[in-house]
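Taking it in order: structure first as structure tokens, then the write-up.
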Amino acid sequence: MTYVRKDAGTLTAAERRRFVKALLEVKRRGEYDEFVRMHLAYFTSDGERGLRTAHMAPSFLPWHRRFLLDLETALRRVDSAVTLPYWDWTRDRTTTSAPWSADLLGGNGRRVDQQVMTGPFAYRQGNWTIEVGVTDGGFLTRDLGRRRDPIALPTTSDLEQALQDPVYDVRPWDSTATRGFRNKLEGWSAGRGGTPWRNHNRVHRWVGGAMLGAASVNDPVFWLHHAFVDLQWYRWQRRHGGARYLPAKPPGPDDEQHRRIVARREKLPPWDVTPDELEDVGRIYRYA
């Protein structure tokens, strides 16, 4: 039976409470930190050797789709009524918008050290200590909008620039691709006006703090952000009926991307699943 992922701005007080309670329980059990470790392990950039799966590669979208499903499964083991909400950052665009309420994700970090002081994930509440990261800090940090060098969240127009591209991805299948839906949505392509950090990437920059690095999973907003990114893949598929994940076949031995990216029917590490199998999840969940 399919379940529904809702817009965070439409959640009832009871739905927000149950989501937070389940997330805190997954953290208490030690499962949450394993998700942080996994994202760290699979955050491989263009300049590194070996296979790229989570970022700067065609598999950015199916990899995170499966990643979200795993977290959602953990949440639903705690409470079967819980699903991942999504944050529509084209609409909820301020530091006091829906996700940042005291009963959901809490607010911005304080100026002195960016430590989040409000909400259920504030360090002082005693339930959310950062155990796995790239720094030694034990508290969650945010710098919503970047106080010292302000930036804005992506707009509907920015998102449309990605959605209108009819091709999923193109050579060289990395962060430098100037065409293709995947890279325009992931946000490495500069886009109009040469503005850096488009769409997905720009949201990470806008939130700041823990969301800036490979350990961005430490901020629960990671999941709401990526659920919205996942929704865009679904919308893109519906707009361009029949458009598929690319590449369909692995690059050959003479290609610089040989064994560095995942083709449509190749296994997507660390799971025993292919991008092909993750293109349609309509029997598992849908978006409200």
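Sequence positions, counted from 1, serve as the residue numbers for this chain. Since the model is a prediction, treat every value here as computed from it, not as a measurement. Side-chain atoms are counted along with the backbone in the values below, which use heavy atoms only and exclude waters and symmetry mates.
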**Study point:** Basic-acidic side-chain contact under 4.0 Å: Asp276, Arg244
**Key:** yes

Distance-only side-chain donor-acceptor flag, [X] / [Y], under 3.5 Å:
X: Glu277; Y: Thr274; value: yes
X: Asp46; Y: Ser175; value: yes
X: Tyr285; Y: Asp230; value: yes
X: Tyr245; Y: Asp169; value: no
X: Gln257; Y: Arg52; value: yes

[Y] and [X] aromatic ring geometry - parallel, tilted or perpendicular at 30°/60° bounds:
X: Phe222; Y: His64; answer: tilted
X: Trp100; Y: Trp87; answer: perpendicular
X: Trp271; Y: Phe67; answer: tilted
X: Phe43; Y: His55; answer: tilted

Practice item. Please confirm whether Tyr123 and Trp128 have ring centers closer than 6.0 angstrom. Key: no

Output the distance between atom [atom1] ([X]) and atom [atom2] ([Y]), rounded to the nearest 0.5 Å.
X: Arg235; Y: Gln232; atom1: CZ; atom2: CD; answer: 5.0 Å
X: Glu186; Y: Trp197; atom1: CD; atom2: CH2; answer: 10.5 Å
X: Trp63; Y: Thr53; atom1: CH2; atom2: OG1; answer: 6.5 Å
X: Leu11; Y: Leu104; atom1: CG; atom2: CG; answer: 6.5 Å
X: Asp165; Y: Arg182; atom1: CG; atom2: CZ; answer: 11.0 Å
X: Leu185; Y: Asp158; atom1: CG; atom2: CG; answer: 11.5 Å

Check your understanding: Is there a donor-acceptor pair closer than 3.5 Å between any side-chain N or O of Arg146 and the backbone N or O of Asp149?
Key -> yes

Check your understanding: Going through the checks in order, is the side-chain contact (heavy atoms from CB on, under 4.5 Å) test met by His200 and His225?
Key -> CA-CA 8 Å; His200 156 268; His225 170 35; 3.3 Å; yes

